[in-house]
Amino acid sequence: MEGKIIKGIAGFYYVLYGGDIYECRAKGLFRRNDIKPLVGDNAEFEILDAAGKNGNIINILPRKNELLRPAAANIDIILTVLSFFKPKPQLCMLDKYLISIKLQGFDAAILWNKNDLSPDIPDYVKAYKRAGYENIVISASDGYGMEDLRAFLKGKTTLFAGPSGVGKSSITNRLFPMADMQTGEISRKIERGKHTTRHSQVFIVDKTTCIFDTPGFTSVSLEGLEKESLREYYPEFTKPGKKCRFALCSHISEPGCAVKQALDDNTVSRLRYDNYVKIYNELANKRRY
Ligand code: GDP
Ligand code: ZN
């Protein structure tokens, strides 16, 4: 049998197969190779007890990619969830997060929630659009933009990540009013592993659409990033027809900088530029051993 691992807890893996969830061990898998099963893995498993829905994972199929924190495999895109208010977005943190996602080789998009608290879409959304990110604006409260979100999710495996309070649970509840039924069974089975307050949830929408909802922000690491490479993460700085006097301009203090000039005519967002300078200085001051 071939199923998808939708949860792993306390040595058990929950494998979705044919609409049922099988509680599996991974006996033998560790001895043969040292692959640790991850949520999102496609796994070959054998059914040990069809009525009790127990099984044994015998093989993990090749992964498209794997994310370290949270540990997950076969992710198409990471959707960073933020809200316009309550809490207000921390945009420098968002930049760092987007950079760290790219550094790990994943694509990122941004989901802005609580549009009902902000009748005018803030200018910074435009700035992230200009930077090449897909932005979706919704309200989990009144349903604004939910069709855009559904269209975005279709056919992908998406990982929702964002600080607590931005509305991730509200969003998945609105998307999948039936989801509680699907996850109910897992919740009951993992009752014994209750030490964590909120588990990540997986929503299987159809054969090709899958959503991972992870609690909290995943960790942000800019390790391995040199300050000289930071500008590659700000593609909107490289406007066609605009050239800095120096080819390797850091856009910080050099004369004839086209990016700083673009700040004056508003074609580069001040906010994104300020974040860039802040992160640049942090990278420059990083102690090296
Ligand atoms: P999570 O921690 O990211 O899962 O966030 P929750 O879904 O628990 O939501 C946190 C709070 O924000 C709750 O009080 C929700 O009712 C509220 N909330 C969620 N979505 C919206 C929204 O679109 N508009 C408004 N005004 N409040 C929202
Ligand atoms: Zn420059």
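Counting starts at 1 for both ligands and their atoms, in listed order. Keep in mind that the numbers below use all heavy atoms, side chains included, and drop hydrogens, waters and symmetry copies.
With contacts defined as side-chain heavy-atom distances shorter than 4.5 Å, the pair Tyr22/Ile47 qualifies. Counting heavy atoms from C-beta outward, Ser100 and Lys96 have side chains that stay 4.5 Å or more apart.
In this structure, the separation between CG on Asn74 and CG on Leu67 is 11.5 Å, given to the nearest 0.5 Å. Within the model, atoms CZ of Phe106 and CD1 of Ile78 stand 5.5 Å from one another, a figure rounded to the nearest 0.5 Å.
Among Ile279, Asp95, Leu98, Ile99, the single residue meeting the side-chain contact (heavy atoms from CB on, under 4.5 Å) criterion with Tyr233 is Ile99.
Considering backbone and side-chain atoms together, Lys168 places an N or O closer than 3.5 Å to an N or O of ligand 1. Residue Ser139 has at least one nitrogen or oxygen atom sitting less than 3.5 Å from a nitrogen or oxygen atom of ligand 1, judged on distance alone.
In this structure, the ring of Tyr13 has its center no less than 6.0 angstrom from the ring center of Phe45.
Atoms of ligand 1 lying under 4.0 Å from any heavy atom of Leu117, numbered from 1 in the order shown and given with element: 26 (N). Of all atoms in ligand 1, numbered sequentially from 1 with element shown, those under 4.0 Å from a heavy atom of Ser141 are 21 (C), 22 (C), 23 (O), 24 (N), 25 (C), 26 (N), 27 (N), 28 (C). Here is the list of ligand 1 atoms found below 4.0 Å of a heavy atom in Ser164: 2 (O). Short contacts between ligand 1 and Ser170, defined as distances under 4.0 Å to a heavy atom of the residue, involve ligand atoms 6 (P), 7 (O), 9 (O), 15 (C), 19 (C), 20 (N).
Vertex the Zn ion (ligand 2); arms to Cys257 atom SG and Cys249 atom SG; angle 110° (nearest 10°).
Within His251, ND1 is the N, O or S atom that lies nearest to the Zn ion (ligand 2).
Counting heavy atoms under 4.0 Å from ligand 1, residue Val81 does not touch it at all.
Of the options Lys114, Arg174, Lys86, the smallest heavy-atom separation from atom 17 (C) of ligand 1 is shown by Lys114.
In this structure, Arg25 forms a cation-pi arrangement with Phe12, its terminal cationic atom sitting closer than 6.0 Å to the ring centre and no more than 45° off the ring axis.
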